[in-house]
Number of protein chains: 2
Amino acid sequence: MGKAKANKDLSFDFDFLDKLVVGIGEVSQITGIPTRQIRYWEDKGIISSLTEEEGKNRRYNYENIKKMLLIKELTDEGYTLDASAEKVKKRMEMIEETLSKLQKK
Amino acid sequence: MGKAKANKDLSFDFDFLDKLVVGIGEVSQITGIPTRQIRYWEDKGIISSLTEEEGKNRRYNYENIKKMLLIKELTDEGYTLDASAEKVKKRMEMIEETLSKLQKK
DNA sequence: TTGCAATTGTAAATTATTTACAATTATTGA
DNA sequence: TCAATAATTGTAAATAATTTACAATTGCAA
């Protein structure tokens with residue numbers, strides 16, 4: 001197997017992450033955050049979902065999920081929810097910057 | 001922002017992919033393969049899901065999804081379903097090898 | 001102990017998925 | 001061409017998962 005081929009398969013994962021959209025149950029499984037808590041955070045405006053029409057199931061992309069994981073990290077450390085959300089904003093910007101660089105490559 | 005920090009955030013994505021488990025609706029959105037077709041492929045034994053109990057909703061991990069995408073690629077090229085499945089086996093091994101190397105790092 | 005932040009509980013309605021049976025549409029070799 | 005097989009698609013009824021809304025509970029700091 002050539003190294004070039006392996007890299008091709010891998011770089012594709014950034015397209016994959018881009019398409020990745022999952023429901024609240026999956027997010028809960030992935031992050032360990034209860035669905036009830038995810039909805040609460042959304043009610044509070046801390047996070048957001050992609051869902052357009054109300055009544056339809058919530059959909060989250062990679063960025064949303066990443067954000068939840070970061071917030072969870074910080075609240076576990078002892079920060080309040082609002083403080084965590086504030087801090088996460090800055091980290092999110094970093095991540096986006098990193099990802100966009102890698103996508104271009 | 002330090003480069004080290006960015007790398008840390010990124011390497012975390014391999015853990016993320018590991019935890020990633022999604023339902024059939026999401027897989028359909030991500031891959032563009034209709035849910036009906038995904039179930040058909042599963043019936044035929046071409047792909048598999050993680051679901052243990054029957055009647056419960058199907059769950060797919062990253063490997064499953066990747067496999068579907070590869071099969072779709074090949075059938076679109078004109079290969080039969082069985083031939084595609086055969087070819088994909090080998091490519092899957094490559095991908096796993098690549099991923100496991102990156103996870104260790 | 002009061003007030004607020006944060007989380008959790010749950011019922012009824014709705015949305016999404018499952019299974020099972022069947023029909024339809026290519027494709028291929030005789 | 002035609003028959004056989006591959007591949008996909010349709011759908012109804014049952015079940016699983018999610019939504020919203022109203023409320024209760026828990027934890028913590030002033």
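Values below: all heavy atoms of this structure, side chains included; hydrogens, waters and symmetry mates excluded. Chain naming here is simple, since letters A, B, ... match the order of the sequence lines and numbering starts at 1 in each.
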Closest of D/dT19, C/dT7, D/dT9 to the A/Q37 side chain is C/dT7

A/R39, nearest nucleotide to its side chain (from D/dA16, C/dT18, D/dT20): D/dT20

When rounded to whole Å, the CG to C1' distance for the pair B/D82 and D/dA7 reads 10 Å

To the nearest angstrom, the OH-C1' distance between B/Y40 and D/dA7 comes to 4 Å

Assess whether a salt bridge exists between A/R91 and A/E73, defined as any Lys/Arg side-chain N lying under 4.0 Å from an Asp/Glu carboxylate O. yes

Less than 4.5 Å apart, any side-chain heavy atom of B/F16 and any of A/L20? yes

Spacing of B/I47 atom CD1 relative to D/dT8 atom P, expressed in whole Å: 11 Å

Starting from C1' on C/dA6, measure out to CD1 on A/I71 and report it in whole angstrom. 14 Å

May I ask you to check whether over 12 heavy atoms, not counting those of A/E77, lie within 6.0 Å of atom CD? yes

Starting from C1' on C/dA13, measure out to NZ on A/K56 and report it in whole angstrom. 14 Å

Measure CG/B/L81 against C1'/C/dT27 and give the value in whole Å, please. 14 Å

Taking C/dT17, D/dA23, C/dA16 as options, the one with an atom nearest any side-chain atom of A/R36 is D/dA23

Whole angstrom is fine here: how far is it from CD in A/E54 over to C1' in C/dA13? 13 Å

Residue B/W41, side-chain atoms from C-beta onward, closest of D/dT8, C/dT18, D/dT20: D/dT8

So, A/T31 side chain and A/I33 main chain: donor-acceptor pair closer than 3.5 Å or not? yes

Within the structure shown, what part of the strands sits under 4.0 Å from B/T35 by heavy-atom distance: base, sugar-phosphate, or nothing? nothing

Figure out the CD/P separation between B/E52 and C/dT18, and round it to whole Å. 15 Å

Students often get this wrong, so: under 4.0 angstrom with heavy atoms, is A/T80 touching a base, only sugar-phosphate, or nothing? sugar-phosphate

State whether a side-chain donor-acceptor pair under 3.5 Å links A/S48 with A/E42. no

Hey, which of these two, B/N57 or B/K44, hits DNA chain D nearer its 5' end, going by closest nucleotide? B/K44

Taking the nucleotide of DNA chain D with the nearest heavy atom to each, does A/R59 or B/P34 sit closer to the 5' end? B/P34

Tell me whether the side-chain N/O atoms of A/R58 come closer than 4.0 Å to OP1 or OP2 in D/dT18. no

